[in-house]
> 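Below is one structure. I have some questions about it.
Predicted, not measured: the structure shown is a model, and the values here were computed from it.
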Amino acid sequence: MRNCIYISAAKQISAQSPLTDDWMERPLRYGESFVPAVDPDYRRYFPPNAVRRLGKILKRALLVSRQAMEAAGIDAPDAIVTGTGFGCIENTEIFLDAMLREGETFLKPTHFMQSTHNTISSLIATDCRCHGYNMTYSHKALSFECALLDAFIRLKNGEAAHVLAGGHDELTPHFHTLLQRLQRMEGETAFRSETAVGMMLTNRPAANALCRVDGIETFYRPDMRRLKRAADAMAAQAGYRYDGIDAVMTGCNGMPADEQAYDRWCSALFGDKKRLRYKHLFGDSFSSSAMGVYAAATCLHRRRIPAHLFDGVGGAADGAGRILLYHLSENKTHSLILLSSCGN
């Protein structure tokens, strides 16, 4: 296929074991409503002053980005795009708390400088000395999809050969309490967590690429017919029929209302296609769709879908070649991301 886009490498820090794919064989299970990300020992990767100075989300973003670039064999990408729902919420809380306690005097500038959303992309660019295009998207649950779509278009148009795309969000106990008051998480598999995903995308054939990105589309309040036409067209543009899609991975978080919404849309759109889920392992956040893309890409690279990703009863499936990711938020915003194994 001409003008293909590939995910050449992806790394994660989440509720599962960090920087590994151990969740494929030995997933960690949780019963709490809030599960912080499992952090690695940052002293192995950063000097002591950076470990003390950088907030959690910045250390995570920097580390997964470095690891993804190293795995892809890239010293510095041509562009960096990041999706984040709330950015550096921990540093924002620290700065605001200091203002409440001390007024506008004796405030530490570090927490303010590290509280803006685009701090993440800026830090990564400074670290790898990338002077190219740098963009941050903050559109709630569509944040990562917007970043991925930006990277996809740039690579398709030949404006870049290697793009680092990331999805990053953190959650503090105070912020979790606020979210609980606004929308209580209910259901056996529902829990909130934190996300840090860095992935390298390229328009050049890569021998060890995880998968191919065949299409991305986002929608606001679409009808069933429009979404079905978009899925058909996406598959046709990639050179195969919609029937050739092996499974649909949804962003269902286990809440009853969420389950009902996904069941209604998926039944009408995808019929009896196999359904997969991932938030019961990685948790829910505004950037959790980045975890979905990472999980699907890993399955396609290994040509195997583990049993614990199936929605309902199902055994592990070998030979998976194409996965469509479908995300729905607040019954308003929808997204479709079509991934294929490089051998297809």
> Would you check if Phe95 and Glu93 make a side-chain contact, meaning some heavy-atom pair closer than 4.5 Å?
no
> Without hydrogens or angle criteria, can the side chains of Tyr240 and Asp214 be said to hold a donor-acceptor pair below 3.5 Å?
yes
> Which pair of non-hydrogen atoms, one from Gly198 and one from Val64, has the smallest distance, and what is that distance?
N-CG2, 3.7 Å
> Out of curiosity, Arg53 CZ to Phe46 CZ, how far, rounded to the nearest 0.5 Å?
10.0 Å
> Kindly say whether Ala125 contributes a backbone atom to a donor-acceptor pair with the side chain of His131 at under 3.5 angstrom?
no
> Just wondering, more than 12 heavy atoms not from Lys56 lying within 6.0 Å of its NZ?
yes
> Can you give the donor-acceptor pairs under 3.5 Å from side chains of residues 68-87 to other protein atoms, not counting sequence neighbours?
unit_1	atom_1	unit_2	atom_2	d
Asp78	OD2	Ala161	N	2.9
Asp78	OD2	His162	N	2.9
Thr82	OG1	Ser121	OG	2.5
Thr84	OG1	Gly87	N	2.8
Thr84	OG1	His168	O	2.7
Thr84	OG1	Asp169	OD1	3.4

> Please determine if Arg66 forms a cation-pi arrangement with Tyr45, meaning its NZ or CZ atom is less than 6.0 Å from the six-membered ring centre and no more than 45° off the ring axis.
no
> Write down the atom of Glu145, the atom of Thr218, and the distance for their closest heavy-atom approach.
CB-CG2, 4.0 Å
> Leu325 and Leu336: side-chain contact (heavy atoms from CB on, under 4.5 Å), yes or no, with the steps?
CA-CA 6 Å; Leu325 288 97; Leu336 296 173; over 6 Å; no
> Less than 4.0 angstrom from a charged side-chain N to a carboxylate O is my criterion; do Asp39 and Arg60 meet it?
yes
> Using a strict cut-off of less than 4.0 Å between a Lys/Arg side-chain nitrogen and an Asp/Glu carboxylate oxygen, indicate whether Asp311 and Arg277 qualify as a salt bridge.
yes
> For the residue pair Ser341 and Arg303, what are the closest heavy atoms and their distance?
OG-NH1, 3.4 Å
> Can you give the donor-acceptor pairs under 3.5 Å from side chains of residues 219-227 to other protein atoms, not counting sequence neighbours?
unit_1	atom_1	unit_2	atom_2	d
Asp223	OD1	Arg225	N	3.4
Asp223	OD1	Arg226	N	2.8

> Evaluate the criterion side-chain contact (heavy atoms from CB on, under 4.5 Å) for residue pair Ile120 and Leu58; output intermediate values, then yes/no.
CA-CA 6 Å; Ile120 302 169; Leu58 296 177; 3.9 Å; yes
> Give a yes-or-no answer on whether the side chains of Glu90 and Thr172 include a donor-acceptor pair shorter than 3.5 Å.
no
> Examine Tyr326 together with Tyr262 and report whether their ring centres are nearer than 6.0 Å.
yes
> For the residue pair Tyr278 and Phe282, categorise the inter-ring angle as parallel (less than 30°), tilted (30 to 60°) or perpendicular (more than 60°).
tilted
> I'd like to know if the side chain of Glu32 and the backbone of Phe191 have a donor-acceptor N/O pair within less than 3.5 Å.
no
> Does one side chain, of Thr20 or Ser17, offer a donor that lies under 3.5 Å from an acceptor on the other?
no
> Around atom CZ of Arg241, are there more than 12 heavy atoms from other residues, nucleotides or ligands closer than 6.0 Å?
no
> Find the distance between NE2 (His174) and CG (Leu96) and round it off to the nearest 0.5 Å.
11.5 Å
> Roughly how far, to the nearest 0.5 Å, is the NZ atom of Lys332 from the CD atom of Glu330?
5.5 Å
> Would you name the heavy atoms of Gly158 and Asn203 that are closest together and state the gap between them?
CA-ND2, 4.4 Å
> Around atom CZ of Arg29, are there more than 12 heavy atoms from other residues, nucleotides or ligands closer than 6.0 Å?
yes
> Does the ring centre of Trp265 sit less than 6.0 Å away from the ring centre of Phe270?
no
> Is the shortest distance from a Lys or Arg side-chain nitrogen in Asp263 or Arg275 to a carboxylate oxygen in the other one below 4.0 Å?
yes
> Identify the two heavy atoms, one from Ser193 and one from Ser285, that lie closest to each other, and give their separation to 0.1 Å.
O-CB, 3.6 Å
> Thinking salt bridges, do Asp284 and Arg192 make one under a 4.0 Å N-O criterion?
no
> Would you indicate whether the side-chain heavy atoms of Leu276 and Val248 approach each other to under 4.5 Å?
no
> Would the number of heavy atoms belonging to other residues, nucleotides or ligands and lying under 6.0 Å from CG of Asn331 be above 12?
yes
